[in-house]
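Keep in mind the model is a prediction, meaning the values are calculated, not measured.
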Amino acid sequence: MELIDGNILIVDDDPDVLETARLYLKQKFGRVVAISNPDGLDPLLQANEFDAILLDMNFERGELEGEEGIFWLKRIKSISPDTSVIMITAYGDINLAVETMKEGASDFILKPWKNEKLFGTIMAALALKRAKTEYSRLRGAHEKVVNDIDKTFQDIIGVSPVMNRTFELINKVADTDANVLILGENGTGKELVARALHRLSPRNQEVFIRVDLGAITETLFESELFGHVKGAFTDAKTDRAGSFELAKGGTIFLDEIGNLTLPLQAKLLTAIQSREIRRVGSNRIIPLNVRLICATNMPLYEMAEKDKPEFRKDLLYRINTVEIMVPPLRERVEDIPLLARHFLDLYSGKYHKQGIKLEEKLLKKMKSYSWPGNVRELQHTLEKGVILADHGRIPEEILGPDRKRTNREEKNIRTLDDMEKIMIRQSMDKNQGNLSQ
């Protein structure tokens with residue numbers, strides 16, 4: 001008979017009980033260790049990982065009925081918290097054995113036991129141990145993923161006055177449950193702000209759920225946000241929780257909210273106002289307990305004021321208890337060297353290319369560039385620069401022509417003098433400021 005993979009420890013001062021249990025369990029499990037004195041537990045637990053421990057309630061000292069067993073149970077749990085401990089007890093100790101389960105014992109077994117009962121109890125304890133180990137592994141993996149994600153979003157880098165004002169506002173708002181609307185151009189870091197608000201909030205131990213409303217079709221909107229029950233529509237083969245339900249206790253971040261059509265805006269407004277949702281196909285009310293943060297790069301106020309409004313004013317007032325405007329990179333030029341060096345360090349490590357430096361000439365060019373894609377464009381530019389770098393030098397050509405600035409300048413041409421100024425500036429940029437050239 002193939003032995004079961006399990007590391008079992010028996011602790012009992014009765015030599016007959018100890019030997020009987022050891023001989024029987026050796027026929028079932030891969031490794032069985034038996035000791036008569038619990039004083040030897042500490043070094044044994046430090047050197048070995050046991051899946052299950054059979055622990056007697058009373059030892060030779062026995063002045064305090066059962067208290068020795070509770071003492072050693074606590075000791076085992078302090079050293080090896082995931083190990084399953086089965087208490088060995090006499091009939092008169094049942095109430096005390098139940099008490100030990102409150103202290104972390106997984107089960108107890110009565111003397112004298114039947115071998116089948118002993119075997120079944122140990123198998124259940126092994127299953128519990130494996131479940132705890134798997135849970136710890138998954139929790140560790142989850143925490144690592146969350147930490148890795150948060151490292152990307154850990155610091156919104158900036159020392160400029162406009163960013164300092166943004167930081168102050170984030171710190172003031174984060175500790176509240178106020179709805180926040182984050183505005184800003186593409187690539188400015190609106191999601192960074194949302195994650196910072198969550199991380200600094202009392203809800204930071206709960207989940208942060210991001211929903212890209214721009215990527216959800218109108219037909220799937222309710223299912224994605226509110227969930228559905230089996231059979232609610234053709235492809236609803238199982239019950240499914242929506243994003244609001246998944247975010248229970250934490251933060252839900254609705255990105256690109258300006259992309260919603262008016263009918264979808266109405267459905268979202270109803271959920272926010274009532275603080276409750278229903279899964280598609282169900283009448284059961286699910287109360288909402290989430291912190292709502294929204295973001296967009298669209299001009300919601302202009303959209304709401306049009307003759308034929310494209311965004312509901314009542315929804316706008318609901319989502320912007322506090323409004324945070326994330327400035328574009330061209331308005332925080334002081335932060336460009338700091339951000340550039342941060343991304344340089346990040347991608348130098350990722351691509352194993354150390355010793356790359358940012359030359360002052362390139363930094364000056366970066367500071368004069370308009371960055372239409374904002375911080376995201378700067379990040380991708382530095383990644384490309386590290387990949388293309390030779391001999392520790394990033395080629396200046398990674399920036400290319402400043403198309404946004406050129407287009408803006410063309411629109412501002414009014415006179416021949418304007419044309420001359422633009423041509424001179426373009427020539428200076430092309431020659432990196434060398435007037436002789």
Side-chain angles (χ1 to χ4, degrees), residues 3-140 143 205:
L3 296 178
I4 297 164
D5 184 21
N7 202 4
I8 314 298
L9 173 64
I10 314 162
V11 190
D12 197 307
D13 63 342
D14 185 326
D16 293 332
V17 170
L18 201 64
E19 186 62 13
T20 300
R22 189 184 70 82
L23 289 174
Y24 171 68
L25 295 177
K26 277 189 70 174
Q27 302 171 47
K28 303 288 185 180
F29 297 98
R31 183 171 180 239
V32 179
V33 178
I35 60 172
S36 59
N37 190 339
D39 291 335
L41 270 172
D42 275 28
L44 202 55
L45 292 174
Q46 297 288 355
N48 300 272
E49 182 178 352
F50 291 99
D51 299 305
I53 297 177
L54 293 166
L55 177 67
D56 193 15
M57 286 288 298
N58 296 291
F59 294 90
E60 290 177 340
R61 295 194 297 275
E63 293 96 349
L64 300 173
E65 189 71 19
E67 289 198 11
E68 285 180 303
I70 292 176
F71 170 81
W72 288 111
L73 169 64
K74 289 180 178 179
R75 185 66 185 161
I76 291 168
K77 285 296 180 181
S78 69
I79 298 172
S80 182
D82 287 344
T83 297
S84 295
V85 181
I86 302 166
M87 306 305 295
I88 303 173
T89 183
Y91 282 105
D93 298 332
I94 291 178
N95 289 336
L96 195 57
V98 172
E99 187 68 26
T100 65
M101 296 186 72
K102 297 178 182 178
E103 297 291 342
S106 64
D107 208 340
F108 62 89
I109 191 164
L110 298 173
K111 296 178 185 177
W113 59 70
K114 292 184 177 180
N115 285 343
E116 294 80 4
K117 173 66 174 174
L118 176 63
F119 177 71
T121 303
I122 293 176
M123 289 300 292
L126 290 182
L128 179 63
K129 167 65 163 56
R130 292 189 186 104
K132 286 181 177 179
T133 302
E134 180 65 8
Y135 172 75
S136 296
R137 186 189 70 78
L138 291 173
R139 184 178 63 184
E143 288 174 356
Q205 295 302 308

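- The distance from the CD atom of Glu68 to the CG atom of Asp56 is 9.0 Å, given to the nearest 0.5 Å.
- Distance check: Asn58 CG to Met87 CE gives 9.0 Å after rounding to the nearest 0.5 Å.
- Side chain of Gln27 to backbone of Leu23: a donor-acceptor contact under 3.5 angstrom is found.
- In this structure, CD1 on Ile10 lies 5.0 Å from CG on Leu25, to the nearest 0.5 angstrom.
- A side-chain contact (heavy atoms from CB on, under 4.5 Å) with Leu55 holds for exactly one of Asp12, Ile86, Thr100, Ile76; it is Ile76.
- Counting only heavy atoms from C-beta outward, the side chains of Met123 and Phe29 approach each other to under 4.5 Å.
- Side chains of Trp72 and Asp39 form a contact here, defined as non-hydrogen atoms less than 4.5 Å apart.
- Checked by atom type and distance alone, the side chain of Ser78 pairs as donor or acceptor with a backbone atom of Arg75 at under 3.5 Å.
- Rounded to the nearest 0.5 Å, atoms CG (Leu54) and CD1 (Ile122) are 4.5 Å apart.
- One N or O on the side chain of Lys77 and one on the backbone of Thr83 form a donor-acceptor pair closer than 3.5 Å.
- Within the 4.5 Å cutoff, no side-chain heavy atoms of Leu110 are placed close to those of Lys117.
- Side chain of Thr89 to backbone of Met57: no donor-acceptor contact under 3.5 angstrom is found.
- In terms of modelled atom types and a separation under 3.5 Å, the side chain of Asn48 and the main chain of Phe50 share no donor-acceptor contact.
- With Asn7 contributing its side chain and Glu49 its backbone, the two residues share a donor-acceptor pair below 3.5 Å.
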